[in-house]
Amino acid sequence: MKFATWNINSLRVRLPQVLEWLADNPVDVLCLQELKLIDERVPVDALRDAGYHTVSAGQPTYNGVAILSREPVHDVVRNLPTYDDPQQRVITATVPSAWGDIRVINTYCPNGQEVGSDKYRYKLEWFAALREFVAEQLKTWPRLMVLGDFNVAPEDRDIHDPEKWREKILASTPEREALQALFDLGLHDSFRLFEQPERSFSWWDYRQLAFRRNAGLRIDHVLISDALKPHCVGCIIDKEPRRNEQPSDHAPVIMELG
DNA sequence: ATGGTCGCCATGCGA
């Protein structure tokens with residue numbers, strides 16, 4: 001059973017690429033971030049024709065997340081219940097599996113812009129609220145994953161040039177501590193459960209030919225709970241869609257349970 | 001040194 005996350009940076013522009021990717025990669029669940037669409041404009045019919053049920057939390061212009069699932073999902077929660085926020089960054093749902101229900105928390109974490117900025121403080125506050133939410137959800141659903149664009153590179157090996165990014169946004173110590181606080185709940189970075197190529201990244205800036213130079217960061221993650229860990233048989237980053245015409249700046253990450 | 005690219009109800013802003 002495969003789960004994927006992909007920041008597609010506008011579902012309107014990227015829909016053909018999402019459909020093409022799903023045809024080649026018929027995952028069971030696909031979590032999307034940065035829809036940049038209101039819910040009314042989410043192309044649920046085209047996605048249904050492709051074999052997926054869609055639930056979304058959209059907003060105009062910015063943010064927006066969706067869960068696509070081959071099986072119908074239930075107990076959908078939008079946003080973080082303890083953190084009043086007009087920005088639509090989280091959608092949570094339960095999907096059936098051979099091992100019982102699995103809780104899927106799809107997150108588009110704040111970027112933070114610059115260390116020390118108002119947006120940076122918002123990012124750290126937001127992570128604290130996410131942690132609170134995940135802790136509460138784990139009580140009901142021990143089989144749980146948190147996947148999405150975390151906008152944090154966990155370690156130096158997740159950055160093409162660690163010295164250049166030292167204590168910069170996406171790499172600062174407080175951001176890494178906020179991510180570590182999620183791991184401390186009993187979550188695991190599924191990517192690092194397996195041997196991986198060196199210099200594996202999931203995001204490359206559109207500027208400066210960053211993809212061609214592999215000047216990227218690994219900021220998109222699939223975190224799995226203790227209960228799911230024994231079933232995890234793989235996690236890969238699929239760089240292929242980043243080579244497309246008009247690509248998203250992020251690559252999908254696929255995690256497999258077996 | 002500065003800005004370099006995308007996508008957004010459109011024009012500066014967020015990433």
Side-chain angles (χ1 to χ4, degrees), chain A residues 5-21 31-43 46 56-66 79-80 83 85-91 106-127 130 147-154 158-172 174-176 178-179 201-221 237 239-253:
Chain A
T5 174
W6 193 6
N7 179 323
I8 37 87
N9 185 18
S10 166
L11 183 53
R12 185 188 66 81
V13 172
R14 232 66 68 191
L15 178 64
Q17 292 181 48
V18 170
L19 294 174
E20 185 187 18
W21 188 82
C31 292
L32 299 176
Q33 302 89 36
E34 282 207 87
L35 308 184
K36 298 186 172 181
L37 280 182
I38 57 174
D39 286 320
E40 291 71 18
R41 293 196 184 160
V42 172
S56 64
Q59 72 175 84
T61 309
Y62 302 115
N63 309 310
V65 286
N79 238 306
L80 299 173
Y83 191 77
D85 189 355
Q87 302 190 35
Q88 300 300 306
R89 297 182 172 280
V90 190
I91 187 165
N106 174 20
T107 60
Y108 173 48
C109 306
N111 171 284
Q113 196 167 55
E114 189 181 2
V115 173
S117 66
D118 286 347
K119 291 191 176 69
Y120 182 74
R121 281 183 282 279
Y122 163 70
K123 181 177 193 172
L124 296 178
E125 260 182 39
W126 189 94
F127 263 93
L130 174 64
L147 70 170
D149 176 359
F150 287 75
N151 270 315
V152 179
D158 300 312
I159 301 178
H160 68 100
D161 184 347
E163 289 315 317
K164 183 178 157 189
W165 286 80
R166 184 75 56 210
E167 295 304 329
K168 297 289 195 306
I169 200 66
L170 313 184
S172 73
E175 290 168 272
R176 286 176 168 175
L179 186 59
F201 309 122
S202 67
W203 168 78
W204 302 261
D205 199 292
Y206 283 122
R207 292 165 286 192
Q208 296 175 301
L209 302 170
F211 182 65
R212 223 177 67 180
R213 298 186 294 117
N214 196 28
L217 276 73
R218 193 175 69 91
I219 57 177
D220 300 87
H221 309 299
I237 298 170
K239 285 173 77 169
E240 279 310 312
R242 190 62 177 78
R243 303 183 215 279
N244 290 348
E245 293 280 317
Q246 266 198 303
S248 166
D249 44 351
H250 294 253
V253 183

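Letters A, B, ... are given to chains in the order of the sequence lines, protein chains preceding strands, and every chain is numbered from 1.
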When both distances are under 3.5 Å in a Watson-Crick or G-U wobble arrangement, the nucleotide paired with B:dG7 is B:dC13

Counterpart base for B:dA1, defined by Watson-Crick or G-U wobble contacts under 3.5 Å: none

Quick one: are A:V152 and A:K123 in side-chain contact, heavy atoms under 4.5 Å? yes

Do A:L35 and A:S56 make a side-chain contact, defined as non-hydrogen atoms from C-beta onward lying under 4.5 Å apart? yes

Indicate, with a heavy-atom threshold strictly under 4.0 Å, whether A:R89 touches base, sugar-phosphate, or nothing. sugar-phosphate

Looking at [Y], is its backbone amide N or carbonyl O close enough to the side chain of [X] to form a donor-acceptor pair, meaning the two atoms are under 3.5 Å apart?
X	Y	answer
A:E34	A:N9	no
A:Q33	A:Y108	no
A:Q17	A:Q246	yes

Between [atom2] on [N] and [atom1] on [X], what's the gap in Å once rounded to a whole number?
X	N	atom1	atom2	result
A:Y120	B:dA15	OH	P	15 Å
A:L11	B:dC8	CG	C1'	14 Å
A:W203	B:dC6	CH2	P	13 Å
A:H250	B:dT5	NE2	P	18 Å
A:K36	B:dC13	NZ	P	15 Å
A:N63	B:dA15	CG	C1'	10 Å

Report yes if at least one side-chain N or O of [X] is closer than 4.0 Å to OP1 or OP2 of [N]; otherwise report no.
X	N	result
A:R207	B:dA15	no
A:Q87	B:dG14	no
A:R212	B:dT5	no
A:S10	B:dC6	no

What integer number of Å spans the C1' atoms of B:dG3 and B:dA15? 16 Å

Which nucleotide wins on minimum distance to the side chain of A:R41, given the candidates B:dC9, B:dT5, B:dC8? B:dC9

Select from A:Y108 and A:L37 the residue whose nearest nucleotide in DNA chain B is closer to the 5' end of that strand. A:L37

